[in-house]
**Student:** 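Sharing a structure below in structure tokens format, with a few things to ask.
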Amino acid sequence: SVGQSLTVGVTLPLVGIGTAAAKMAIDWESQFAGVRKTVSGTEEELAGLEQGLRDLATASDSPVAGLANSHAELAGIAEIAGQLGVETDDILGFTETIAQLGMATNLSGEEAALALAQFANITGMDMGDIDRLGSTIVDLGNNMATTEADIVAFATRLAGAGKQAGMSETDIVALAGAMASVGLNPEAAGTAMTQVVSAMTEAASGMDQGKLDLFASIAGMPIEDFQQLWEEDAVYAISDFVAGLDQLEPAAQIAALDELGLSGIRVTDMLRRLGGNTDLLTDALGRADNAWEDNTALTDEAQQRFATTSAQLNLLFNNLREVGIAVGAVFLPVINDVLDKVVPLLQNISNLNPDVLLMGVAFFGAAAAAGPLVAALGLLLSPIGLIAGGLAVAAIGVPLFVDALRDASPVIDDLLSNIEAGVGTMRDKINEALFGGGGGGGTMASPGATDHQFALLTAQIETSFQNAMSALDFSTALQPAR
């Protein structure tokens with residue numbers, strides 16, 4: 001009983017813990033393999049990145065440790081960062097920012113990673129400022145009639161035109177926030193604003209004097225001032241133009257836009273919506289500059305989510321997972337060593353002669369009958385009953401099993417004949433000892449005492465071996481024709 005208690009109370013729990021730890025280590029190894037696939041770096045750099053991700057996933061002062069299964073989430077983001085060309089030194093900071101956006105906004109980690117990396121690549125933004133970009137987006141999303149996902153959708157579509165006009169990252173994001181707040185569609189309005197910016201850039205460069213005069217006139221300033229404003233702060237030139245356009249009568253608006261080559265329905269709709277909310281763009285520009293400078297909005301929002309009970313439970317589970325990864329890593333070399341030996345063995349088995357494989361199937365069929373046999377033997381409650389069960393197996397089961405095997409494969413006929421002969425001899429000896437040997441067998445029991453038990457046992461054993469024979473018949477049907 002002591003051994004059983006130790007097995008149940010100590011051995012089985014330890015085996016379960018070891019198995020779970022190995023599974024966690026295997027999962028993490030697979031997750032970080034994705035990072036290795038996309039991130040270029042020395043082994044030392046990759047080891048540092050791996051440890052950095054694990055620290056982010058578990059540290060009590062790391063908001064992203066409050067994500068469910070943070071190890072997998074962070075590794076997935078880091079893998080995407082490598083695919084998008086983020087430098088190895090910037091991947092950890094990029095991953096943390098994207099994970100916080102996933103916590104604090106309606107953006108998924110994959111969406112945020114893809115959009116912000118593309119925005120940075122188009123604008124030439126230093127990837128070290130990715131956290132400032134994230135804070136700016138969150139601040140505008142919290143204080144404008146839109147969501148972070150819509151702001152990002154507009155910003156990525158405006159990035160090319162904004163870069164052409166010399167806008168800063170905050171200018172582009174603020175313009176995106178203002179456009180999203182008036183209910184415009186990102187694809188249609190983004191294309192329309194790109195047309196406006198291209199037209200104003202061409203005019204300000206002096207390539208079309210007539211358009212330059214009209215842009216400056218609508219913006220309410222001399223040509224030279226408009227050109228200078230466009231060169232220094234293009235987004236404010238757009239704001240002044242939109243505000244001036246809103247002051248014109250509808251017919252004059254249509255005529256002016258037609259002359260500027262901006263008479264499309266999408267362009268007209270966009271400019272009219274922005275023209276009726278010029279203060280919105282001005283406020284967004286000021287707010288974006290402050291949020292970029294302060295660089296706290298994203299972290300503050302993520303910390304609020306981190307303080308919830310749900311996030312704290314995730315922190316607990318993530319630390320348990322980290323322990324499992326550390327412990328399970330000890331088992332991985334052993335597991336790999338075993339696999340190196342088992343896989344070739346399995347490959348050899350699959351290449352065996354069909355007759356040998358057929359014999360294996362037959363023996364598995366016999367093994368399948370073991371359970372019913374044990375249940376049948378349970379009917380025999382005395383030592384004599386156990387011996388009688390052995391006789392029943394020998395007298396009924398073995399001949400049936402041997403006949404089926406002989407039919408299935410002549411290759412093993414000699415072997416089975418020897419087995420049958422040996423069992424028959426054993427049966428005769430036991431029968432003689434029990435009932436006819438005069439050596440005390442009659443004093444133990446008489447044949448009649450076990451007749452009823454034999455009848456019950458025989459019926460159950462016959463059924464069991466019929467099931468085994470069914471398996472054997474199936475294997476015979478699968479045997480290739482000779």
**Student:** Can you pull the ring pair (Phe, Tyr, Trp, His ring centres under 6.0 Å) pairs that have at least one residue in residues 253-306, sequence neighbours excluded?
**Tutor:** none
**Student:** Scan residues 51-65 for pairs that pass side-chain hydrogen bond (donor to acceptor under 3.5 Å, both in side chains), counting only residues two or more places apart or in two chains.
**Tutor:** Q51-D55, R54-E322
**Student:** Look at D283 together with R287 and state whether they make a salt bridge at an N to O cut-off of under 4.0 Å.
**Tutor:** no
**Student:** Spell out, as yes or no, whether a donor-acceptor pair under 3.5 Å connects the side chain of N318 to the backbone of A65.
**Tutor:** yes
**Student:** With sequence neighbours left out, what residues match E43 under side chain to side chain contact (heavy atoms under 4.5 Å, CB included)?
**Tutor:** R36, L46
**Student:** Determine which pairs satisfy side-chain hydrogen bond (donor to acceptor under 3.5 Å, both in side chains) with at least one residue from residues 259-269, sequence neighbours left out, and list them in order.
**Tutor:** D269-R273
**Student:** Short question: side chain of D240, backbone of A219 - any donor-acceptor pair under 3.5 Å?
**Tutor:** no
**Student:** Looking at L184, N277, L280, which hits side-chain contact (heavy atoms from CB on, under 4.5 Å) with M179?
**Tutor:** L184
**Student:** Enumerate the ring pair (Phe, Tyr, Trp, His ring centres under 6.0 Å) contacts for residues 52-97, please, sequence neighbours excluded, ordered by first and then second residue.
**Tutor:** W28-H71
**Student:** Working note: S30 + D27, criterion side-chain hydrogen bond (donor to acceptor under 3.5 Å, both in side chains); need CA distance, chi angles, decisive distance, verdict.
**Tutor:** CA-CA 5 Å; S30 177; D27 287 345; over 6 Å; no
**Student:** Does the side chain of I223 come within less than 4.5 Å of F226's, by heavy atoms?
**Tutor:** no
**Student:** Side chain to side chain contact (heavy atoms under 4.5 Å, CB included) with E29: which residues, sequence neighbours excluded?
**Tutor:** L332
**Student:** Measure across M24 and L320 and return the closest heavy-atom pair with its distance rounded to 0.1 Å.
**Tutor:** SD-O, 4.2 Å
**Student:** Taking side-chain hydrogen bond (donor to acceptor under 3.5 Å, both in side chains) as the cut-off, I'd like each qualifying pair that reaches into residues 90-104, sequence neighbours left out, listed once.
**Tutor:** none
**Student:** Within a 6.0 Å radius of atom CD1 on I265, are there more than 12 heavy atoms belonging to other residues, nucleotides or ligands?
**Tutor:** no
**Student:** List in chain and number order the residues that pass side chain to side chain contact (heavy atoms under 4.5 Å, CB included) with T38, two or more places apart in sequence or in another chain; answer none if no residue qualifies.
**Tutor:** E79, Q83
**Student:** So which heavy atom on V197 is nearest to which on A165, and how close?
**Tutor:** CG1-CB, 3.8 Å
**Student:** Could you tell me the separation between the CD atom of E231 and the OG1 atom of T201, rounded to the nearest 0.5 Å?
**Tutor:** 10.5 Å
**Student:** Check P250 against R272 and note the closest heavy-atom contact, atom names and distance.
**Tutor:** O-NH2, 4.4 Å
**Student:** Please step through side-chain contact (heavy atoms from CB on, under 4.5 Å) for the pair V196 and V267, ending with a clear verdict.
**Tutor:** CA-CA 8 Å; V196 172; V267 174; 3.9 Å; yes
**Student:** Extract all donor-acceptor atom pairs below 3.5 Å that involve side chains of residues 110-121 and protein atoms in other chains or at least two apart in sequence.
**Tutor:**
residue	atom	partner	partner atom	Å
E111	OE1	S108	N	3.1
E111	OE1	S108	OG	3.3
N121	ND2	A117	O	3.2

**Student:** State which residues pass side chain to side chain contact (heavy atoms under 4.5 Å, CB included) with A153; sequence neighbours excluded, sorted by chain then number.
**Tutor:** R157, P186
**Student:** If a pair satisfies ring pair (Phe, Tyr, Trp, His ring centres under 6.0 Å) and one of its residues is in residues 197-218, list it, with sequence neighbours excluded.
**Tutor:** F215-F241
**Student:** How would you list all residue pairs meeting side-chain hydrogen bond (donor to acceptor under 3.5 Å, both in side chains) that involve residues 173-196, not counting sequence neighbours?
**Tutor:** none
